[in-house]
Amino acid sequence: MLKYIVLIINILAFSTKGDCQSKFDRGDDSWKEIYRSASQKDHDLVHTKLSVKFDYSKSYLYGHAWITLKPHFYSTDSLRLDSKGMDIKKVALWKNGKTTDLSYSYKDSLNLRIKLDRTYKGGEMYTVFIDYTSKPNEFKAEGSTAITDAKGLYFINPKGEEKDKPTQIWTQGETEASSAWFPTIDRPNQKTTQEIAMTVPGRYVTLSNGRMVNQKKNADGTRTDVWKMDLPNAPYLFFMAVGDFAIVKDTYKGKEVSYYVEKPFENVARKIFGLTPEMMAFYSSKLGIEYPWPKYSQIVGREYVSGAMENTSATLHSEYLQQNARQLVDGNKYEDYISHELFHQWFGDMVTAESWSNITVNESFANYSEVLWDEFKYGKDAGDQRNYKDMQAYFISGGGGKDLVRFHYRDKEDVFDAVSYNKGGRILNMLRNYVGDDAFYKSLNVYLAANKFKSVEAHHLRLAFEEVTGKDLNWFWNQWYFGSGHPHLEITYGYNEDAKKTTIIVSQTQTGDKIFKLPVAIDLYNTGKKTRYNVWVENKTDTFSFASSTKPEFVNFDGDKVLLAEKKENKTLYDYINQYKYAKTYVDRREAINYAVKHKDLPEARDFLLSQALKDPYYELRERVLKNLKDTDLDSESIRTIENIAGKDVKRVNRASAIDILGTLKNPAYTNFFIAGTKDSSYSVAGSSLLALAAIDKVKAISLLPVLKKDAKGNLEKAVEQVSALIKGEVDVKRSSGSMLKLP
Ligand SMILES: [Zn+2]
């Protein structure tokens, strides 16, 4: 699941989210004493067959469920199913098409406790039939437990009373909300095949897991679609959607790849989702395991409660993904959602965390897959940028004190945080660097193949890496998976002329007793040539000395820039300029630019930014420089470079940032260029051009408003508002941020 909204809130305010599902008040720390184990398996789910229809006037689901189960090992004569807030009309044993009523109790509206007709042995299969009504909007359980925040089944504008909002139904299972719309054992360590018959108004389309195997028109104007999934998956991954969607279809190796969007977005669906088949090919080939499910659909749901959810073969995305063609000229802001949810189809859906404590074996991989895709599709700088950004987001999340595999938590929703996601992803990046690319992917292949359609904990991952690499990796897992925090390193560089030695002193300054063991590459650059030394940082303070006949031009600690660590270094501007020149990774260059930006009052720093960094091959670093050039004296050569970016940069957001700078020059020679820019298909370029024009020719800018207003979003919308305010003479033109990029 992608909970960007929650993540952002957590980062900004250390969670303002209500603990709707928690019985612990804030300030009550008694949850710290509770060990959150995997759920005991008394029964195994085998097959789930549902027949459902919807009451739009009441927001009810009328359901029939046939649940096939078997005792896991020990004999039993009773069964407990999760059924949240339902009306239960009948519970029976189902045999040869006949029902025999079973006695049951359902006192708490949460647990349906069924007395079976006899004792069943371990592995002995039977089917129970349940006739029920699901009432997701009405349920309030006893005590403080409520599912207002986790209804499972969502009716959007069910009576069609809200204009301009479509009528939709969609479901959200994770963590344990599927049992609000069908009785099941709602735990992540269960897996079941499924068959769902959905009876819906004839004008709507449906989507569920697996393939649609039957479609039948009914006499009353409804239609019944039957969806079938022959491969086992966890109940929280079950999904249904109903609505007036356009379906755009691609294929991948003969499998349907489809995009369900609201009809006005039909013509841009492929621009939003069209990279999906290429992603499927990339991930399948890297993992050595083909995309496992019979099809892959993505659907956009209104008022979705999270960012996106990896329901098996049927991912649900938030409506933000529906960007128009002009927004997409500035880039698809949600491509990371698409890669993230797709990777879950292997990590999470095919191989599933056995408990919420182990959620990182789902989420760290999905998070890291965004890096893998960016690196493959857009180059190493793009992958490194995402890695760096996610690392910073973890640092500011305040999650340093939480274990990655978390056996103690207040609420199961709390584990969906920057530790399970961002920190977990960075740990995978370090692991990949430590064992090497080939071993990394081979280990993932072994892990997936060994645990296909099963549930796992973090140790399964360790065992796969140990099997492939031959290395004992308990130290790594104990340190990173079963512990908390990250190193804070103070790094001091020195050179002794007499001894002809370069010395690097590394101190671990994090609070507490924990000392990290870190494999680190140190690169020494002499006359531009790199010599690499691989060392272990493993003490409170480590000193490393290397013979070098002259003082190295540059010493690079953590040469591949993979360490999950906060650093303090005694580097000078000169060192950073050399770092930019020699070391080359995105992070090396970015650190150098960051330092120079902070010291841009120094002529050498300014000169470095203008003459080198502004021409960086990676767009986002050029962007970073542009954003920091305001109020900087520009020479004619720099202005030419910026003009060039404004007119030709491959990224429109960069053109917009360059136009922002040119706007500050108030040079009438740019008038026609800015006028042309207001007509650019990119909202960023158009918005920046309008503001830049207003700064030199207010009357002309105002005259363009009637046309521009007709289609203004993002940066252009803000610019139109500001120039409109000029008419009233209310405020002066304020510089816009000029960018739609999400810069951390
Ligand atoms: Zn996820």
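Each ligand, and each atom within it, is numbered from 1 in the order the structure gives. From a predicted model like this one, the values you see are computed outputs, not experimental measurements.
Between Arg386 and Asp384 no salt bridge is recorded (no basic side-chain N to carboxylate O distance below 4.0 Å).
With sequence neighbours excluded, the residues satisfying side-chain contact (heavy atoms from CB on, under 4.5 Å) with Asn358 are Ala353, Glu354, Ser355, Val405, Phe407, Glu457, Ala458.
The backbone N or O of Ser369 sits less than 3.5 Å from a side-chain atom of Tyr283, completing a donor-acceptor pair.
Angle N(Met1) to the Zn ion (ligand 1) to NE2(His340), rounded to 10°: 150°.
Aromatic pair Trp293/Phe453: centroids less than 6.0 angstrom apart.
Taking backbone and side chain together, Glu341 holds no N, O or S atom under 2.8 Å from the Zn ion (ligand 1). Under 2.8 Å from the Zn ion (ligand 1) lies no N/O/S atom of Met309, from backbone or side chain alike.
The atom name of the N/O/S atom in Glu363 closest to the Zn ion (ligand 1) is OE1.
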